[in-house]
Amino acid sequence: MASTRAAGDRADVSFGDIETGGLRDFLVADRFVDQLCVFIHVPKTAGSSLSAELARMRAPYHNIHRRYFHGGDTVTFSSLEEEIDTIIDSGALAAARSCSGHFTWDQAAPIRAARPDARFFTFLRDPVQRVISDYRYSRTPTHPTYRETIARFPTIESYVEARETQDKMARFLLPGDVRDRDAIEAFLTSRYAFVGLLEMYPLSFNILSRLLGENLLPSEHRRRTENTGDNEVADTPELRAFILDHNKRDRDLYVAAHRRLLAIRDEWRTLRAHEMVDDQ
């Protein structure tokens, strides 16, 4: 039965429970049933692969995305707010069991209002590697405005210094007033049902699939950014420090999730090993 909690309250299924009760209790007590499963897809966190998996595990599924319109050298696009309103007004969200998109927590407020049973999850990536990947992707023809990006940000340092590129994970996943480390950790662990990591992807995906009533390992391959003459980056200690200094909220987000998944990794490995023995 769908929850009757008010939209925006602490999720009935909470990522913080994985720390307080351990993995086994988390999987038993916090399993998704019929709730709407909402994936906030932060760019360059392997979310395209995960969205494809989610569509198979949790149909009916909807990918909420902006539509791009090309007119000569000009690119225009719809707003995510418009797209979210459309899926709600059409009745598609009412029948959905999952959805995902590059929308923020704040932009998803109408989803929470229309579906108070919604459970949110996300995946994070090492902040340095995510920024480098985002920068590299934005300079390839796959990105609709790559020419403008190359002209505006001639170096990765200029890209990192631009305010709109900083703390992108935090800006997607948190309200703007959630800024200090304790507040970030409290929000992440109480408002999200689960948070996975790209660097621990098999573990993260398997736990998510168990919450959805399956027991799977990932089968989709990540879409890799093509190498071009415009997107080469030398990953040096100096660059890593520079990126982290400009993405402190993202660093705090990642540390909070990493600590919790690291704490249950051995338990997960033991669980998998026992299951493999039982299957023989």
request  = Show the numbers, then the answer: is there a side-chain contact (heavy atoms from CB on, under 4.5 Å) between Asp34 and Asp117?
outcome  = CA-CA 9 Å; Asp34 297 320; Asp117 63 314; over 6 Å; no
Residues which pass ring pair (Phe, Tyr, Trp, His ring centres under 6.0 Å) with [X], listed by chain and number, not counting sequence neighbours:
{"X": "Tyr61", "result": "none"}
{"X": "His258", "result": "Tyr254"}
{"X": "Phe121", "result": "Phe39"}

Strictly by modelled atom types, are [X] and [Y] linked by a side-chain donor-acceptor pair under 3.5 Å?
{"X": "Thr149", "Y": "Ser138", "result": "no"}
{"X": "Thr189", "Y": "Arg260", "result": "no"}
{"X": "Arg210", "Y": "Asn206", "result": "yes"}

Compare all side-chain heavy atoms of [X] with those of [Y] and state whether any distance is below 4.5 angstrom.
{"X": "Arg272", "Y": "Asn215", "result": "yes"}
{"X": "Thr142", "Y": "Thr225", "result": "no"}
{"X": "Val131", "Y": "Asp250", "result": "no"}
{"X": "Trp105", "Y": "Leu173", "result": "no"}
{"X": "His41", "Y": "Ser48", "result": "yes"}
{"X": "Thr45", "Y": "Leu50", "result": "no"}
{"X": "Leu198", "Y": "Asp126", "result": "no"}
{"X": "Arg265", "Y": "Leu203", "result": "yes"}

Starting at [atom1] of [X], measure out to [atom2] of [Y] and round the result to the nearest 0.5 Å.
{"X": "Ile243", "Y": "Leu239", "atom1": "CD1", "atom2": "CG", "value": "4.0 Å"}
{"X": "Asn63", "Y": "Cys99", "atom1": "CG", "atom2": "SG", "value": "9.5 Å"}
{"X": "Leu54", "Y": "Leu212", "atom1": "CG", "atom2": "CG", "value": "7.0 Å"}
{"X": "Trp268", "Y": "Ile207", "atom1": "CH2", "atom2": "CD1", "value": "7.5 Å"}
{"X": "Met169", "Y": "Arg130", "atom1": "CE", "atom2": "CZ", "value": "6.5 Å"}
{"X": "Ile184", "Y": "Asp167", "atom1": "CD1", "atom2": "CG", "value": "7.5 Å"}

Contacts of [X] that satisfy side-chain contact (heavy atoms from CB on, under 4.5 Å) - sequence neighbours left out:
{"X": "Glu161", "value": "Phe242, His246"}
{"X": "Arg97", "value": "Arg58, Pro60"}
{"X": "Arg179", "value": "Arg249"}
{"X": "Thr104", "value": "Asp106, Gln107, Phe172"}

Quick check: closest heavy atoms across [X] and [Y], and the distance to 0.1 Å?
{"X": "Ala257", "Y": "Leu124", "answer": "CB-CD1, 3.8 Å"}
{"X": "Ala193", "Y": "Arg119", "answer": "CB-CB, 4.3 Å"}
{"X": "Pro154", "Y": "Arg139", "answer": "O-NH2, 3.8 Å"}
{"X": "Tyr192", "Y": "Phe187", "answer": "CE1-CE2, 4.0 Å"}
{"X": "Ser98", "Y": "Leu36", "answer": "N-CD1, 3.6 Å"}

Check whether any side-chain N or O of [X] sits under 3.5 Å from a backbone N or O of [Y] as a donor-acceptor pair, and report yes or no.
{"X": "Arg136", "Y": "Val233", "answer": "no"}
{"X": "Asp25", "Y": "Gly22", "answer": "no"}
{"X": "Glu267", "Y": "Arg24", "answer": "yes"}
{"X": "Arg115", "Y": "Ala96", "answer": "yes"}
{"X": "Ser204", "Y": "Leu197", "answer": "yes"}

query = Quick one: do Asp134 and Lys44 make a salt bridge, cutoff under 4.0 Å?
reply = no
message = Can you list, by chain and residue number, the hydrophobic cluster partners of Ile150 when the side-chain cut-off is 4.5 Å?
response =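 Hydrophobic cluster check, Ile150: joined to Tyr146.
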query = Among all residues two or more places apart in sequence or in another chain, which pass the side chain to side chain donor-acceptor pair (under 3.5 Å) test with Arg259?
reply =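 If we apply the side chain to side chain donor-acceptor pair (under 3.5 Å) test to Arg259, skipping adjacent residues, the hits are Glu185.
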message = Could you walk me through whether Val195 and Leu253 satisfy the side-chain contact (heavy atoms from CB on, under 4.5 Å) test, starting with their C-alpha distance in whole Å, then the side-chain angles of each, then the deciding distance to 0.1 Å, before giving a yes or no?
response = CA-CA 10 Å; Val195 180; Leu253 261 179; over 6 Å; no
note = The complete set of salt bridge (charged side-chain N to carboxylate O under 4.0 Å, His left out) pairs with one or both residues in residues 227-236, sequence neighbours excluded, reads Asp235-Arg240
key: Pairs flagged by salt bridge (charged side-chain N to carboxylate O under 4.0 Å, His left out) wherever residues 78-90 is involved - sequence neighbours left out   =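 Sorted pair list: Arg67-Glu83.
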key: Test of ring centre spacing under 6.0 Å for Phe123 and Tyr201   =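 Centroid distance Phe123-Tyr201: below 6.0 Å, so yes.
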query = Taking it one step at a time, do Cys37 and Met57 satisfy side-chain contact (heavy atoms from CB on, under 4.5 Å)?
reply = CA-CA 11 Å; Cys37 190; Met57 288 190 293; over 6 Å; no
query = Taking only residues at least two apart or on different chains, which pairs with a member in residues 149-168 satisfy ring-ring contact (aromatic ring centres under 6.0 Å, His included)?
reply =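 Listed by first then second residue: Tyr135-Tyr159, Phe153-Tyr159.
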